[in-house]
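Inspection log for the structure reproduced underneath, given as structure tokens.
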Protein chains: 2
Amino acid sequence: MDSAKPSLELVRSVTDEHVLRTLMRHRRLTRAELASEIGISKPTAGESVRRLTERGLLADTGERTPGGRGRGRVGSYYALDPGVGAALAVTIAAEGVVAERLDVYGDTVARAARQIDRPARPDQIAAALLAVATELRDAAGPRDAAGPRDATGPRGATNSRDGGPRDAEPRGDDGQTVRVAVVSAADPVDRASGRLVHLPDSPFLVGDLDPVAVLAPFVDGAVVVDNDVNWAALAERDSVGADGLRDFAYLYLGEGLGCAIVNDGEIRRGRTGLTGEIAHLITIGPGGRATRFIELFGELGLRHAGTTAIDVERLLTTADRAVLGAAVGGVIAALIALADPQEVVIGGSWGPALLDDIRSAATWAPRDVTVRAAGLTETPVLAGVRAAALNSLRRAIVGR
Amino acid sequence: MDSAKPSLELVRSVTDEHVLRTLMRHRRLTRAELASEIGISKPTAGESVRRLTERGLLADTGERTPGGRGRGRVGSYYALDPGVGAALAVTIAAEGVVAERLDVYGDTVARAARQIDRPARPDQIAAALLAVATELRDAAGPRDAAGPRDATGPRGATNSRDGGPRDAEPRGDDGQTVRVAVVSAADPVDRASGRLVHLPDSPFLVGDLDPVAVLAPFVDGAVVVDNDVNWAALAERDSVGADGLRDFAYLYLGEGLGCAIVNDGEIRRGRTGLTGEIAHLITIGPGGRATRFIELFGELGLRHAGTTAIDVERLLTTADRAVLGAAVGGVIAALIALADPQEVVIGGSWGPALLDDIRSAATWAPRDVTVRAAGLTETPVLAGVRAAALNSLRRAIVGR
DNA sequence: CGATTCTAGTCAGGAGCCTTGCCTGGAACG
DNA sequence: CGTTCCAGGCAAGGCTCCTGACTAGAATCG
């Protein structure tokens, strides 16, 4: 498919990638351990380590503990150099902003959060975002007390491959450059720009905000923004295990309405990133009328006065569950018709509570599909963002 | 990502793949031309040709015409050996069955067709499928009059990598083994088995049929079956040009109802392959009632008596176009909500005729999306099947 | 018609990446 | 204190690629 001309170099790059990925899994290994783990010869492993150390990606940890099973000569342990950088995982919702800095191993090395009183204004949220980003930049990571690192190759000098603004140095005190940021926002996200978009009549919780502009000064690399439901769906997929759930829909029913569609194992975002914006989907309204999903909540008086959000408390206490169940059933029918999922997963603050009502209305569905509540309930969005951030960081390191 | 251990062999396979793909584009080249076309050295090109000839994939054409610009020594031209095989492109519809045999360059080397009187019974269609497959197997290809080929290496002896039934020899008289078959059927197709499935109340034109079982004896490789609308959408995508249309929906409105969804440049098939089965989608029915799309046609008396097909002629002459337009508009609203297409392409025997009515009803849509008639009108399904068959054949040849 | 020109293909030499096999150094075991 | 065991380095060899020089043979020129 794509040409790879300088050929022998290709083999070397495969080897180096193998070494890097193996050290991402095992944290620290001797060259002999690397060789047997990867399945290459010791000289090859040694050469690769030498190259990668020279590029500043690997470092001798200084440890000289005996290799593995007690006997034998002590080995030199190598690990990824802290200079490979870190990732930012950020969630933005109306309740507040949470940001974490992750290292290559997926560990959270720093965390910052800001709560915001409801109703939140967009400028408050932007300020909170800026605050957590600044706090994480200034916070020293907990590790890096391992001892002096000798290999101080040309680090950071030749690494500006994204042309971002370099005024504010995008690194914490510990030298952990932030190479990638992955952001969740509780509103629809434009795929190309990363800006939040306000769809007419839809809940708009976070409000007009450009996370890329706010975070770019803190990141020496890409800033990825997507809808919170998409990230939650990714976490749900990963929680099931590899290949377990390649085609499903994640229906989020809370203050906002959202839906993620996973097809062939990947989130499907569509042209503008607005796949799964179900607010305007036509479904079964009161009296069997064809009604837009979002209009139902207006008709039933279930939206917060003055805002676009759904009043979850009132919904759970006073609403006609049969009517709601029928409407959600219509949405599920559309999902089955157009996305053909293996399962429909229901999440959000009120969706799982109405699961029975939804199920009993699913007779509209053209065929039987499992409808179940989300398995991850703790912080599914943050889990998905973390996984994506870690993935992006590792890809950025491995791919040159 | 995926491990590739025996490493230097990887470089060689890249080179060989390059040579094969280049000869698929240029039909015949000397070793020197190959080298400069690919950007490798002459000795490397020569070695690769030697290897591939030994494996029976390449053959000296016997031509000794001077190389290119008149002067100089004459070169030996090499081309893909006819033994690399051919592909079958098959379309199955209620009107009849068409099958073509394609060579590796995408040329149609043989064609067979059977028309069937309406209404067609499944056994008639199965018989027609068997008939065209047999006819194509027995027909000699038009080429292969080029002269004696000397390099008669071990061909076909070590090539049975699919374990298919070898009773009926899956090759025509010219030795062109059929390595892959791509089949279109005018009904929903189960992704895993390739069988046609009957969804309750939906049009079922071809009827219960197992194309894989019928065609397997004729094919020394995979038989791929999919819905005709999906293939038409692929042809539409390719007709626009690379990267032009990565996210769109193809709405087929004819005797049957179908919809293909292309996302990130690929057809999305879903868990069972029933993505886009819009018959049971809830839309706007007469009087604003929430109605399943397919039920509308029953209510309006637009289905053929005794069958499940839609009566297109009556629809075009007598039906209430505003009602139909509104219903289709509701379907488009669902497509926009759940698939976020760049465009919605309308095809089929009656869809384009109602384009204005559909457009004027698209006020239900949450945002403006281009709605247009299909650009390919000739034989879009066959075009898509051909492209897929050619692709599969080439992949089968290159990938070992 | 012979000399010249031009190109396809081959050969020799060398570089890079990998492997196997052997040797050395040094810690732990008994 | 000798034995055992393992990390790491070295040497030799194989495979793939490349460059540059050479050979072979047809078309063109004078």
Atom-to-atom span, [atom1] of [X] to [atom2] of [N] - whole angstrom:
X	N	atom1	atom2	answer
B:Asp16	D:dC15	CG	P	16 Å
B:Arg28	C:dA8	CZ	P	13 Å
B:Glu47	C:dC11	CD	C1'	12 Å
B:Leu10	D:dC17	CG	P	11 Å
A:His18	C:dC18	NE2	P	12 Å
A:Leu29	D:dG8	CG	C1'	15 Å
A:Ile40	C:dG21	CD1	P	17 Å
A:Ile38	C:dC17	CD1	C1'	15 Å

Check this for me, if you would: do A:Asp60 and A:Arg28 make a salt bridge, where the nitrogen-to-carboxylate-oxygen distance has to be below 4.0 angstrom?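 No.
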Carboxylate-amine/guanidinium contact A:Glu47 A:Arg50, below 4.0 Å: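 Salt bridge flag = yes for A:Arg50 with A:Glu47.
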Angle, rounded to 10°, between the helical axes spanning five pairs at each terminus of the helix from C:dC1-D:dG30 to C:dG30-D:dC1?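 Roughly 20° between the end axes, to the nearest 10°.
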Applying side chain to side chain donor-acceptor pair (under 3.5 Å), run through A:Ser48 and A:Asp16 and close with a yes or a no. CA-CA 6 Å; A:Ser48 178; A:Asp16 287 354; 2.6 Å; yes
Residue [X], side-chain heavy atoms: nucleotide from [options] that is nearest:
X	options	answer
B:Leu8	C:dT19, D:dC17, C:dC17	C:dC17
A:Ala32	D:dG20, D:dG8, D:dA11	D:dG8
B:Arg73	D:dA7, D:dT19, C:dT7	C:dT7
B:Thr15	D:dA11, D:dC17, C:dC11	D:dC17
A:Thr30	C:dG9, D:dA7, D:dA26	D:dA7
B:Val11	D:dG14, C:dA8, D:dC17	D:dC17
B:Thr44	D:dC18, C:dC18, C:dT20	D:dC18
B:Lys42	D:dC18, C:dG9, C:dC18	C:dG9
A:Arg12	C:dT20, C:dG9, C:dC17	C:dC17

Which residues satisfy the side chain to side chain contact (heavy atoms under 4.5 Å, CB included) test with A:Arg31, sequence neighbours excluded?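 Only A:Val49, A:Ser76, A:Tyr78 meet the side chain to side chain contact (heavy atoms under 4.5 Å, CB included) criterion with A:Arg31.
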Please identify each residue that fulfils side chain to side chain contact (heavy atoms under 4.5 Å, CB included) with A:Val212, with sequence neighbours left out.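 Side chain to side chain contact (heavy atoms under 4.5 Å, CB included) check on A:Val212 returns A:Asp210, A:Val223, A:Val225.
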Check: B:Arg386 main-chain N/O paired with B:Trp231 side-chain donor or acceptor under 3.5 Å: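 No; zero donor-acceptor contacts below 3.5 Å.
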Taking C-beta and beyond as the side chain, do A:Gln176 and A:Val109 meet within less than 4.5 Å on heavy atoms?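 With C-beta onward as the side chain, the pair stays apart.
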Residue closer to the 5' end of DNA chain C, A:Ala45 versus B:Pro43 (nearest nucleotide):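 Result of the comparison: B:Pro43.
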Derivation of the side chain to side chain donor-acceptor pair (under 3.5 Å) call for B:Glu100 and B:Thr108: CA-CA 6 Å; B:Glu100 295 185 347; B:Thr108 301; 3.3 Å; yes
Is any side-chain N or O of A:Arg31 closer than 4.0 Å to OP1 or OP2 of D:dA7?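 Looking at the OP1 and OP2 atoms of D:dA7, neither is under 4.0 Å from any side-chain N or O of A:Arg31.
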